[in-house]
Amino acid sequence: MGQMSGAQMICEALIAEGVTTVFGYPGGAIMHVYDEIYKQNGFEHILNRHEQAAVHAADGYARATGEVGVAMVTSGPGFTNAVTGIATAYTDSTPMVVISGQVPRSLIGTDGFQEIDAVGISRPCTKHNFLVHSLKELPRVLKEAFYIARSGRPGPVLVDIPKDITVDIGEFNYPDSVDIPTYKPTYKGNKRQIEKAVEAIKSAKKPLLYLGGGIVLSNASELVREFANKTQIPAVETLMARGVMGADNPLLLGMLGMHGNYASNMAMSETDLVISLGARFDDRVTGKLSEFAKYADIIHVDIDAANIGKLVDVDYPIVGDVTEVLKAMLPQLNGVDTARYKSWRDVLNHYNELHPQSYIDSDEVIKPQWAIERIGELVGKDAIITSDVGQHQMWAAQHYPFDRPRQWINSGGLGTMGFGFPAAIGAKRACPDKIVINITGDGSILMNMQELVTASEYKIPVINVILNNHFLGMVRQWQTFFYEKRYSETDLSFQPNFKALAQSCGGIGYDVSTKEEFDEALKDAIKQDRVCFMNVQTNRFEDVLPMVPSGGALFNMMLPETTKGDE
Amino acid sequence: MKNHIDERRVISVIVMNESSVLSRITSLFAARGYNIESLTVAPIPNSDMSHITIATKGSSRLMEQVTKQLHKLIPVYKVIEHEEMVEKEMVLAKFPIAENLADISVLSAAYNGGVVNVGEEMIIVMVADEPKRIKHFIEASQRYNPCEVVRGGVVAIER
Ligand SMILES: Cc1ncc(C[n+]2csc(CCOP(=O)(O)OP(=O)(O)O)c2C)c(N)n1
Ligand SMILES: [Mg+2]
């Protein structure tokens with residue numbers, strides 16, 4: 001393609017990779033690249049108002065589409081601000097490339113202005129990272145970065161580029177393909193292991209599908225539904241897998257784990273065969289490990305071999321992509337005896353009748369669970385829901401009728417407050433025809449509230465529903481249960497004027513304290529082409545239930561009052 | 001059944017030669033709380049790879065995790081968990097010239113080594129042997145008042 005500067009090469013590489021949107025923030029070390037961004041029109045650049053938000057926005061973009069998200073930041077503080085975003089993407093395996101400026105090569109190691117060891121800092125929270133050493137290797141490094149980010153178990157890749165390399169001129173040849181001899185992800189599962197797993201499924205009496213976020217990453221939801229349908233094996237979803245089965249699917253018991261529902265957690269405790277697809281036995285899911293799925297053999301399908309056998313002993317390990325493994329399994333399950341599992345399904349359905357996901361509604365005050373169900377009724381299948389971290393996140397996961405994968409975008413692994421709003425901006429940019437709602441809390445929203453400006457400037461009309469309990473509610477809940485109600489530093493009675501805050505940045509604010517107002521505000525917000533804050537006053541002391549106290553066995557749940565009175 | 005007893009283990013890691021690869025490996029050990037007893041590294045002749053030998057301690061489950069986590073690192077080509085291996089370690093030791101040189105020389109010969117340097121005040125010996133025997137050598141050499149002992153770390157090769 002001829003001679004060009006390193007900065008031009010970066011733009012050309014992004015275009016060659018099909019990137020249409022870059023989220024970022026400029027600064028000294030990356031200025032040459034921004035100068036080229038100014039001159040090109042192959043992709044758009046969104047100026048978020050904080051590097052953390054830029055990375056979360058790229059993350060939201062990636063999760064909504066399955067494509068690689070791209071963020072760009074400068075050296076030093078630009079990069080360190082991005083770290084939380086990168087770590088968030090890492091723990092949830094988001095495909096992402098982050099390009100950071102670095103001081104010129106001659107200054108590296110001299111404690112130069114805005115010099116920080118970006119590859120050193122990001123090593124534990126990236127899938128891989130590069131410090132580019134010469135212009136000559138730049139095109140190959142960029143190609144490899146995209147390849148590594150999206151292949152195998154996806155993840156964020158950092159490319160740290162010294163400023164002088166972005167100025168240097170050289171020949172640009174973007175490679176067509178990648179060959180990294182040390183990196184060969186396994187997609188196809190081992191044939192014999194798959195056969196053995198199928199035999200185990202056929203001879204199980206109480207099998208259970210344990211569905212994780214890997215299914216979403218692998219775009220395998222259709223195959224999972226087919227699997228469940230064909231075998232009539234009931235399923236539980238992790239926080240990251242909400243939407244995989246679809247809310248109306250009669251085989252879906254619900255979400256399991258610390259805030260899972262009764263039937264799901266009991267199913268896991270009583271099953272004789274766990275069929276784990278793209279899930280990684282997180283401690284928030286398993287509770288006390290020695291009691292987890294105690295009576296079960298375990299089939300574990302995961303593209304990351306290191307996840308298999310990490311926490312629980314696995315009887316049928318299958319390293320591979322869920323899609324590939326299911327494609328191989330499905331034909332072998334023709335004619336499977338679905339009646340075999342009927343009594344098991346009956347038991348679980350009975351559990352769901354006994355202790356459904358429930359709460360006590362009120363006429364005086366808006367209950368957060370009601371608000372979420374109402375959003376579901378008003379916008380339902382179409383909307384993309386992002387969330388922040390806290391009680392509101394768990395209620396959203398419990399009560400929203402998720403219908404499809406990539407509809408639910410939240411920081412599950414790292415639990416990053418401040419994720420929801422910028423992620424919603426990214427998701428909305430990726431899917432402009434979808435309604436995008438961030439379900440957030442009065443604590444979390446403040447952690448990236450500057451994004452009101454971004455959303456207004458670029459006319460990205462996302463709706464933030466702030467479930468306002470005037471508390472860092474989730475921490476308050478633990479204080480109620482485990483710290484004798486000593487509410488140390490969790491009272492958020494001092495509040496901004498959320499409505500005026502939104503307005504001051506070009507958005508729309510709604511103060512909501514009744515159900516009627518809620519409906520009115522949401523219906524109005526959907527019609528607007530501007531960013532909205534819905535400040536919803538909820539009752540302050542609502543708890544997220546059921547709850548398995550940290551470290552307890554899954555079957556020992558604190559249940560809501562509506563369902564108390566065990567069999 | 002998985003073995004949950006902490007045992008000494010030696011693994012070889014074959015990696016691509018690049019500036020940051022060693023720090024990727026050591027920071028993985030540090031971040032996940034695995035311990036490193038010794039670590040040696042050198043380029044493999046006529047290739048763009050290096051051979052790293054790590055001696056560590058842990059249960060077989062932990063070692064399985066270590067191996068898998070190492071394998072996940074992009075520049076790691078191969079991880080070998082040694083079972084049937086030949087294992088050697090080198091050590092240099094410096095003694096005052098006034099000590100019994102004949103004894104020192106016999107001692108180092110008994111451990112596959114000998115005198116490698118003699119100066120006006122010091123004598124230096126080198127031995128290369130299995131790590132266990134290296135420990136014995138160091139213990140035995142104490143009576144000759146060594147002023148400095150430098151161990152080289154383990155290298156291993158599968159039989
Ligand atoms: C960046 C960050 N800091 C602290 C925490 C710990 N934390 C988890 S939930 C929570 C409270 C969140 O409050 P709010 O956003 O109001 O949500 P609520 O629980 O009240 O619904 C806190 C402080 C976190 N997850 N992330
Ligand atoms: Mg709150």
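To find a chain, count down the sequence lines: A is the first, B the second, and so on, and within it residues start at 1. None of the values given here were measured: they were computed from a predicted structure.
With a 6.0 Å radius and a threshold of 12 heavy atoms from other residues, nucleotides or ligands, B:E83 has its CD atom at or below the threshold. Surrounding NZ of A:K184 are more than 12 heavy atoms belonging to other residues, nucleotides or ligands, all under 6.0 Å away. Within a 6.0 Å sphere centred on CD1 of B:I44, other residues, nucleotides and ligands contribute more than 12 heavy atoms. In this structure, A:D111 places its CG atom where only 12 or fewer heavy-atom neighbours from other residues, nucleotides or ligands lie under 6.0 Å away. By the 6.0 Å contact criterion, OH on B:Y77 is open, its count of non-hydrogen atoms from other residues, nucleotides or ligands being 12 or less. Residue B:E121 places its CD atom among 12 or fewer non-hydrogen atoms of other residues, nucleotides or ligands, all under 6.0 Å distant.
Proximity to chain A (any heavy atom under 4.5 Å) is shown, for B:S23, by both the backbone and the side chain. For B:S19, the part lying near chain A is the side chain, with the backbone staying farther off; criterion is any non-hydrogen pair under 4.5 Å. If you measure heavy-atom distances from A:I148 to chain B, the contacts under 4.5 Å come from the side chain alone. Residue A:N129 touches chain B through both its backbone and its side chain, counting heavy-atom pairs closer than 4.5 Å.
The structure places OH of A:Y183 at 12.5 Å from CE of B:M16, a figure rounded to the nearest 0.5 Å. To the nearest 0.5 angstrom, A:T182 atom OG1 is 9.5 Å from B:L73 atom CG. Rounded to the nearest 0.5 angstrom, A:D304 CG and B:Q69 CD are separated by 7.0 Å. Expressed to the nearest 0.5 Å, how far OH of A:Y147 lies from CD1 of B:I74 amounts to 9.0 Å.
For the residue pair B:P75 and A:H128, the shortest heavy atom distance occurs at CD-CE1, 3.9 Å. The shortest heavy-atom contact between B:R61 and A:G309 is NE-O, 3.6 Å. Contact record, B:K68 with A:I308: NZ-O, 2.6 Å, taken as the closest heavy-atom pair.
Note: B:R24 leads B:K72, B:R24, B:Q65 in heavy-atom pairs under 4.5 Å with chain A.
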